[in-house]
**Student:** 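Here's a structure for you.
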Number of protein chains: 2
Amino acid sequence: MNDALSNVNKICPCAVTISLLSSKWKILIMRDLLAGPKRYSDLKRSVMGISQKMLTQSLKEMAADGLVNRHVYPEVPPCVEYSLSNLGASLRPVIYALNKWGKDYLQKSNPAYIHERFNIAVPKNRWLINSERFSNIR
Amino acid sequence: MNDALSNVNKICPCAVTISLLSSKWKILIMRDLLAGPKRYSDLKRSVMGISQKMLTQSLKEMAADGLVNRHVYPEVPPCVEYSLSNLGASLRPVIYALNKWGKDYLQKSNPAYIHERFNIAVPKNRWLINSERFSNIR
DNA sequence: CGGCATCCCCTGAGATACTG
DNA sequence: CAGTATCTCAGGGGATGCCG
């Protein structure tokens, strides 16, 4: 019997998406890769606050899930470039929705409250980004 | 000086949204509340696998963040109803995007792979939902 | 019914040091 | 440069029991 397989169409789509994105880091990596391919060190800089460990681990899992491609240029020193696969790129509307809602929310909220809720409660400057990234996601 | 406040418009909108939704539970709760107000016990049943602790905690935080309203009917036995606030309801496009992508992904993926990735790897039946919920999110 | 309060475990994630 | 390898710890989250 294939109860197991028949259960597949009872899986919650919402939960599947979340599961693939799991940690916040992956979403932030997606956000940055949507602007184009990036090297490991680029990502390390643009995904502010991420550790090498989490960056490596996240990228590895995302590659295993088919969300990103990993391309190694055989040079010295080594150069590794990450880019979105077609599957990964198809997540654009999701990232866009997250970004859109966040922008609206930030605009209509009390700045002092936002500061209190997101600048202090959250460790360090983890949520800050370079302003030029604003234009990347539309 | 108000460096602090001026930093507010450097916060990543994407990250803000994720931060408010944080755990997967909140997203699943949102998903179910989008279909209409629900009692605590309804949510306990529909958000499969959630513990009382996490349900209570999630709802409390979501209420504090202004995403859900809590209404107590002074009866015996007590009855508490949760519903989305306007702010919470405005997240519909986000939940919709997550759901939409997940549905597409499930359809085009190899069922055996999906089973392996989401039915076994993930603890218990946590990701399963009642099929009738599929129509709730459009 | 709709919660709290505890205890406890596991892992997500940071810090640091080392390598091809 | 792009990682790997350890060590460590806070807290996310489960299980259980009690309460108005």
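To find a chain, count down the sequence lines: A is the first, B the second, and so on, and within it residues start at 1. Heavy atoms only: backbone and side chains are in, while hydrogens, waters and symmetry mates are out.
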**Student:** Side-chain N or O of S51(B) versus OP1/OP2 of dG13(D): is the shortest distance under 4.0 Å?
**Tutor:**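 No.
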**Student:** Could you state the atom-to-atom distance from OH of Y40(B) to P of dC4(C) in whole Å?
**Tutor:**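 Rounding to the nearest Å, OH of Y40(B) and P of dC4(C) are 8 Å apart.
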**Student:** To the nearest Å, give me how far apart NZ (K24(A)) and C1' (dA13(C)) are.
**Tutor:**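 Going from K24(A) (NZ) to dA13(C) (C1'), I get 8 Å.
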**Student:** Whole-Å distance between dC18(C) P and Q52(A) CD?
**Tutor:**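 The answer, rounded to whole Å, is 14 Å.
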**Student:** Keeping the roles fixed (side chain from K26(B), backbone from M62(B)), state whether a donor-acceptor pair exists under 3.5 Å.
**Tutor:** no
**Student:** Checking S83(A) side chain against P37(A) main chain: does a donor-acceptor pair fall under 3.5 Å?
**Tutor:**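 Not a single qualifying donor-acceptor pair exists.
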**Student:** Please state whether the phosphate of dG3(C), meaning OP1 or OP2, lies under 4.0 angstrom from any side-chain nitrogen or oxygen of T56(B).
**Tutor:**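 The answer is no; no side-chain N or O of T56(B) sits under 4.0 Å from OP1 or OP2.
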**Student:** Nearest whole Å is fine: how far is dT4(D) P from L55(A) CG?
**Tutor:** 11 Å
**Student:** Only counting residues at least two apart or in another chain, list the ones meeting salt bridge (Lys or Arg N to Asp or Glu O under 4.0 Å) with E81(B).
**Tutor:**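 Counting only residues at least two positions away or on another chain, E81(B) forms no salt bridge (Lys or Arg N to Asp or Glu O under 4.0 Å).
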**Student:** Hey, does the side chain of R39(B) come within less than 4.0 Å of dG2(C)'s phosphate (OP1/OP2), counting only N and O?
**Tutor:**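 Yes, R39(B) has a side-chain N/O under 4.0 Å of OP1/OP2 on dG2(C).
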**Student:** Which value, rounded to the nearest 0.5 Å, describes the distance between I29(B) atom CD1 and K38(B) atom NZ?
**Tutor:** 12.5 Å
**Student:** Of all the nucleotides listed (dT4(D), dC1(D), dG3(C)), which has the minimum atom distance to the side chain of K60(A)?
**Tutor:** dT4(D)
**Student:** Would you list the protein and nucleotides 5-9 of chain C atom pairs, both N or O, that sit under 3.5 Å from each other?
**Tutor:**
none

**Student:** With distance as the sole test, does Y40(A) use its side chain to make a donor-acceptor pair with the main-chain N or O of Q52(A) at under 3.5 Å?
**Tutor:** yes
**Student:** Name the residue closer to the 5' end of DNA chain D, choosing between P78(B) and C79(A) according to the nucleotide with the nearest heavy atom.
**Tutor:** C79(A)
**Student:** Measure CD1/I50(A) against P/dG14(C) and give the value in whole Å, please.
**Tutor:**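 It works out to 8 Å between those atoms.
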**Student:** Report the residue from K44(A), R45(A), R39(A) that forms a salt bridge (charged side-chain N to carboxylate O under 4.0 Å, His left out) with D42(A).
**Tutor:** R45(A)
**Student:** Using a heavy-atom distance cut-off of less than 4.0 Å, which residues of residues 63-76 of chain B contact DNA chain D?
**Tutor:**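 None, since no heavy atom is under 4.0 Å.
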**Student:** Establish, from distance only, whether the side-chain atoms of Y105(B) and S90(A) form a donor-acceptor pair under 3.5 Å.
**Tutor:** no
**Student:** Figure out the NZ/P separation between K38(A) and dA2(D), and round it to whole Å.
**Tutor:**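 Rounded to the whole Å, the gap is 13 Å.
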**Student:** Rounded to the Å, how far apart are Y82(B) OH and dG2(C) C1'?
**Tutor:**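 Nearest whole value for this atom pair: 8 Å.
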**Student:** Quick one: L59(B) CG to dG2(C) P, roughly how many Å, whole number?
**Tutor:** 11 Å
**Student:** Do the ring centers of Y73(A) and H71(A) come within less than 6.0 Å of each other?
**Tutor:** yes
**Student:** So does A63(A) get a backbone contact from the side chain of R70(A), meaning a donor-acceptor N/O pair under 3.5 Å?
**Tutor:**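 Flag not set: sc R70(A) to bb A63(A) has no pair under 3.5 Å.
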